[in-house]
Amino acid sequence: MKSLHSNILKLMDSIINKISDNIHDFSVSDQAFTRCRKLNSTDLIKLILNMGAGSLNSEIFHAFPDINSRMTASAFEQQKAKLKPECFKEIMLELSRANNVLQLLDNQYLVVAIDGSDFDQPFNPESENIFRGKDGRIYCQLHVNALYDVLNKLYLLKLPTLNKPVIS
């Protein structure tokens, strides 16, 4: 089992390195990531993917214990703003494509599950995803139905669905 995790981590590293080699395809500007900074695109992507539920400063502290290589939360946010969301989509697609031998139940059935989840977003009065809850509060939320391959542990499809928006 340890070799499986090791192989997945090596694969993930190679995918992230490939993305970083072509970072201008996934950045908001051709000028982004051209200067040498404490937080390069490879480390930025790895930090984002490895973040837990701690505060931003706490996550940076744990990712970069050496104070000389640590950046401020503001520097992190500035670097993160240079990345397009498509960067992470491409990472997940490449990771899914790498598993070319799918496990099937009885060698013929793909076992899938679908589940709906609500994702709260920071409130933005201009968002298309503003809703009124049963308690009367107004919030921003996106509902996603995800199709999951149970045996291969892969997300196959996500279907965002909109709840009924608040009518102003």
Side-chain angles (χ1 to χ4, degrees), residues 8 11-12 15-35 37-63 71-99 102 110-168:
I8 290 172
L11 175 61
M12 185 64 105
I15 292 169
I16 291 170
N17 290 335
K18 179 180 167 188
I19 295 289
S20 291
D21 290 344
N22 299 294
I23 196 63
H24 297 294
D25 295 339
F26 304 100
S27 55
V28 295
S29 158
D30 289 340
Q31 302 301 314
F33 301 104
T34 55
R35 293 176 44 201
R37 304 240 181 208
K38 277 187 176 181
L39 188 58
N40 60 41
S41 59
T42 303
D43 291 339
L44 174 65
I45 293 168
K46 287 181 180 180
L47 176 57
I48 292 170
L49 290 175
N50 285 303
M51 283 186 156
S55 70
L56 180 54
N57 282 324
S58 172
E59 295 294 336
I60 291 171
F61 177 81
H62 291 298
M71 76 295 309
T72 63
S74 175
F76 167 80
E77 289 293 338
Q78 289 173 29
Q79 288 293 85
K80 183 179 78 168
K82 296 175 185 178
L83 279 180
K84 291 180 183 176
E86 289 83 2
C87 169
F88 299 99
K89 181 178 180 180
E90 184 65 21
I91 291 170
M92 294 302 125
L93 287 173
E94 287 289 324
L95 192 59
S96 296
R97 283 185 203 123
N99 186 4
L102 293 177
L110 186 64
V111 180
V112 296
I114 191 165
D115 185 36
S117 297
D118 293 323
F119 295 96
D120 291 329
Q121 302 169 319
F123 187 77
N124 176 357
E126 297 176 22
S127 173
E128 296 176 3
N129 303 319
I130 298 177
F131 306 97
R132 183 179 311 276
K134 291 178 183 176
D135 59 0
R137 293 189 309 169
I138 296 175
Y139 56 96
C140 289
Q141 189 176 76
L142 183 67
H143 182 82
V144 175
N145 290 316
L147 187 63
Y148 184 72
D149 179 344
V150 177
L151 298 177
N152 297 290
K153 300 178 177 71
L154 295 172
Y155 282 97
L156 303 174
L157 179 66
K158 61 161 181 41
L159 304 168
T161 57
L162 297 176
N163 295 326
K164 195 171 190 178
V166 170
I167 299 173
S168 306

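Only heavy atoms go into these numbers, but all of them, side chains included; no hydrogens, no water, no symmetry mates.
- Taking 4.5 Å as the limit, some side-chain heavy atom of Leu44 sits within range of a side-chain heavy atom of Phe76.
- The CG atom of Leu110 lies 4.5 Å from the CG atom of Asp149; values are rounded to the nearest 0.5 Å.
- For the pair Glu59 (side chain) and Leu47 (backbone), a donor-acceptor distance under 3.5 Å is absent.
- The nearest pair of heavy atoms linking Ile60 to Met71 is CG2-O, 3.5 Å.
- Here the straight-line distance linking atom OG of Ser74 with atom CG of Asn57 works out to 10.5 Å at 0.5 Å rounding.
- Considering all non-hydrogen atoms of both residues, Ala73 and Leu56 come closest at CB-CD2, 3.6 Å.
- Distance alone, capped at 3.5 Å, is enough to place a donor-acceptor pair between the Asn50 side chain and the Lys46 backbone.
- Within a 6.0 Å radius of NZ in Lys18, other residues, nucleotides and ligands contribute 12 heavy atoms or fewer.
- A pairwise comparison of heavy atoms in Cys87 and Ile45 identifies SG-CD1, 3.6 Å as the closest pair.
- Of all non-hydrogen atoms in Gln79 and Lys82, the two that sit nearest each other are OE1-NZ, 2.6 Å.
- Using a 4.5 Å cut-off on side-chain heavy atoms (C-beta onward), Lys38 and Asp43 make no contact.
- Here the side chain of Asn22 pairs no donor or acceptor atom with the backbone of Asp25 at under 3.5 angstrom.
- Leu83 has its side chain within reach of Ile23: a pair of non-hydrogen atoms, C-beta onward, lies under 4.5 Å apart.
- Separating the OH atom in Tyr139 from the CZ atom in Phe131 is a distance of 7.5 Å, to the nearest 0.5 Å.
- A distance-only check finds no donor-acceptor pair linking the side chain of Glu94 to the backbone of Ile15 [under 3.5 Å].
- Remark: Glu126 CD to Glu128 CD distance equals 11.0 Å, nearest 0.5 Å.
- Between Tyr148 and Asp115 the shortest side-chain heavy-atom distance does not fall below 4.5 Å.
- In plain terms, the two heavy atoms of Asn124 and Cys140 that are nearest each other are N-SG, 3.4 Å.
- By the 4.0 Å N-to-carboxylate-O rule, Glu86 lies too far from Lys89 to be salt-bridged with it.
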